[in-house]
Amino acid sequence: MQTAKDRLIVALDVDSREEALAIVQAVGKNCGTFKIGMQLHNSVGFAITEEIIALGYPVFLDLKFHDIPNTVAKASAVVTGKSVSMFTLHASGGKSMMARAAEEAKQKASTMNKDIPLVLAVTILTSMNQKTLNEEVGMDGSVEHNVLRLAKVAEEAGVGGVVASPQEISLIRQACSENFKIVTPGVRPLWADANDQARTMTPEEAMTAGADYLVVGRPITASANPAESAQKIIEEMEKGLQQRQLR
Ligand SMILES: O=c1ccn([C@@H]2O[C@H](COP(=O)(O)O)[C@@H](O)[C@H]2O)c(=O)[nH]1
């Protein structure tokens, strides 16, 4: 059974190896996984992923692939070869793109005798609201409708789960299988700023709703005491897990 700490993913959205390692050092005991996104990866390359894995932490490589199926499939093999535990692609890249990525990750892991990474499809970014989705992106229908539609396509394509906001967790849980993972950024304790996140919930609410993993960046990494902030979030998550078990 995974604890609240195991389910907390800390986003290392910084520019340098030194800044990233300082956060790892500060909060390594207070989280389960570190997430490396396009900011850090594009600054320092795969070296930081390799270094953090070598320190003994699982890495979620969040590069959000979105390209033709062949290109995404080959990129998926590359990141699988780096032993990441999770990686992302955009569900809006389509079923064939997601299916090829999942298959390629499986094959590469089997060739290298490694664990298969959790392939996650990003549904609708948590920074988007109804207006931006409809008027700027040009997708009709509600955010919830589109998240659910993309989550179903992702599951059919054979990826392991989705990235969605906590506000859509219960809808996805009703429509997808129990094993389909839900990873939620857009998590904000009441004491933290929302920043550019539009569809948020607190750590307790997100865990109560049924999230598998929470992704938290700035409320921890930009706080005066990252370890203390991570610990406070874990305590809120524990309350949510307890509520969930009581249901
Ligand atoms: O829909 C999405 C997909 C990915 N993210 C990533 O999660 C973290 C959130 O960081 P905060 O500082 O807690 O806002 C960040 O790395 C995003 O790239 C997301 O927020 N929403």
Side-chain angles (χ1 to χ4, degrees), residues 7-15 19-20 23-24 26-27 30-44 48-49 52 59-66 84-93 98 118-130 132-133 136-137 139 143-144 146-151 154 159-169 171-172 181-203 205-207 211-224 226 229-230 232-234 236-237:
R7 295 168 185 268
L8 177 61
I9 301 174
V10 174
L12 297 171
D13 290 329
V14 290
D15 289 326
E19 289 168 283
I23 299 168
V24 170
V27 302
N30 307 86
C31 75
T33 299
F34 287 103
K35 184 175 87 71
I36 297 178
M38 58 181 84
Q39 180 184 354
L40 182 59
H41 180 80
N42 289 336
S43 298
V44 302
I48 190 68
T49 289
I52 294 174
V59 167
F60 169 8
L61 191 58
D62 181 23
L63 300 180
K64 302 186 183 70
F65 299 142
H66 193 179
V84 301
S85 300
M86 309 178 186
F87 72 89
T88 45
L89 35 71
H90 275 287
S92 55
M98 290 189 275
L118 178 60
V119 184
L120 294 165
V122 179
T123 55
I124 304 291
L125 291 168
T126 53
S127 53
M128 283 198 188
N129 60 27
Q130 189 66 57
T132 49
L133 184 74
E136 296 172 19
V137 181
M139 274 194 198
V143 170
E144 293 77 11
N146 282 288
V147 169
L148 201 54
R149 183 178 59 75
L150 289 166
V159 304
V162 282
V163 176
S165 101
Q167 296 183 10
E168 294 98 38
I169 295 171
L171 278 177
I172 298 170
K181 302 293 181 203
I182 307 178
V183 177
T184 58
V187 175
R188 285 296 182 267
L190 294 175
W191 43 266
D193 200 300
N195 309 111
D196 50 356
Q197 297 287 1
R199 309 196 314 280
T200 63
M201 274 189 179
T202 66
E205 288 167 340
M207 290 314 297
D212 289 294
Y213 298 97
L214 307 191
V215 176
V216 185
R218 289 162 290 184
I220 294 171
T221 58
S223 83
S229 302
K232 272 161 69 181
I233 289 172
I234 289 171
E236 294 184 33
M237 289 169 71

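The structure displayed is predicted, hence computed values, not measured ones. Just follow the structure's listing: the first ligand is 1, and inside any ligand the first atom is 1.
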Next item on the list: For residues Ala121 and Ala91, report the shortest heavy-atom separation together with the two atoms involved.
Entry: CB-CB, 3.9 Å
Checklist line | Numbered atoms and elements of ligand 1 in range of Val215, under 4.0 angstrom, heavy atoms | finding: 7 (O), 8 (C)
Next item on the list: Using atom types as modelled and distance alone, determine if a side-chain donor or acceptor of Asp193 lies under 3.5 Å from a backbone N or O of Asn195.
Entry: yes
Item checked: ligand 1 atoms in contact with Pro219 (distance to a heavy atom under 4.0 Å) -> 13 (O)
Checklist line | Close approach, Ala164 and ligand 1, non-hydrogen under 4.0 angstrom | finding: no
Next item on the list: Before signing off on this row, confirm whether Val122 and ligand 1 have an N or O atom pair separated by under 3.5 Å.
Entry: no
Note to self: As an exercise, identify every atom of ligand 1 less than 4.0 angstrom from a heavy atom of Ala11.
What the structure shows: 16 (O)
Notebook entry, point to check: Which atoms of ligand 1 have any heavy atom of Leu125 under 4.0 Å away?
Noted result: 1 (O), 2 (C), 3 (C)
Notebook entry, point to check: What atoms of ligand 1 come within less than 4.0 Å of a heavy atom belonging to Asp13?
Noted result: 15 (C), 16 (O)
Check: Is a side-chain N or O of Arg199 found less than 3.5 angstrom from the main chain of Met128, in a donor-acceptor match?
Finding: yes
Next item on the list: State which residues pass side-chain hydrogen bond (donor to acceptor under 3.5 Å, both in side chains) with Lys64; sequence neighbours excluded, sorted by chain then number.
Entry: Asp62
Note to self: What I want to know is whether Arg218 and ligand 1 share at least one N or O pair that is separated by under 3.5 angstrom.
What the structure shows: yes
Margin query: Nearest 0.5 Å, please: how far is CG in Leu8 from CG in Asn30?
Written below: 8.5 Å
Note to self: Check for me whether Asn195 has a heavy atom closer than 4.0 Å to any atom of ligand 1.
What the structure shows: no
Check: Nearest to atom 3 (C) of ligand 1, what protein heavy atom do you find, and at what distance?
Finding: Lys64 CE, 3.6 Å
Next item on the list: Please lay out, stage by stage, how Leu148 and Glu168 fare under the test side-chain contact (heavy atoms from CB on, under 4.5 Å).
Entry: CA-CA 8 Å; Leu148 201 54; Glu168 294 98 38; over 6 Å; no
Item checked: ring pair (Phe, Tyr, Trp, His ring centres under 6.0 Å) involving Phe34 - partner list, sequence neighbours excluded -> Tyr57
Note to self: Could you check whether any side-chain N or O of Thr123 sits under 3.5 Å from a backbone N or O of Val147, counting only pairs where one atom can act as donor and the other as acceptor?
What the structure shows: no
Note to self: To check your reading of the model: name the closest protein heavy atom to atom 9 (C) of ligand 1, its residue, and the distance in Å.
What the structure shows: Gln197 NE2, 3.6 Å
Checklist line | Option of least heavy-atom distance to atom 14 (O) of ligand 1 (set: Arg188, Lys35, Met128) | finding: Arg188
Checklist line | Heavy atom of the protein closest to atom 21 (N) of ligand 1 (residue, atom name, distance) | finding: Thr126 OG1, 2.6 Å
Next item on the list: Could you point out which residue of Val24, Val44, Val14 forms a side-chain contact (heavy atoms from CB on, under 4.5 Å) with Glu19?
Entry: Val14
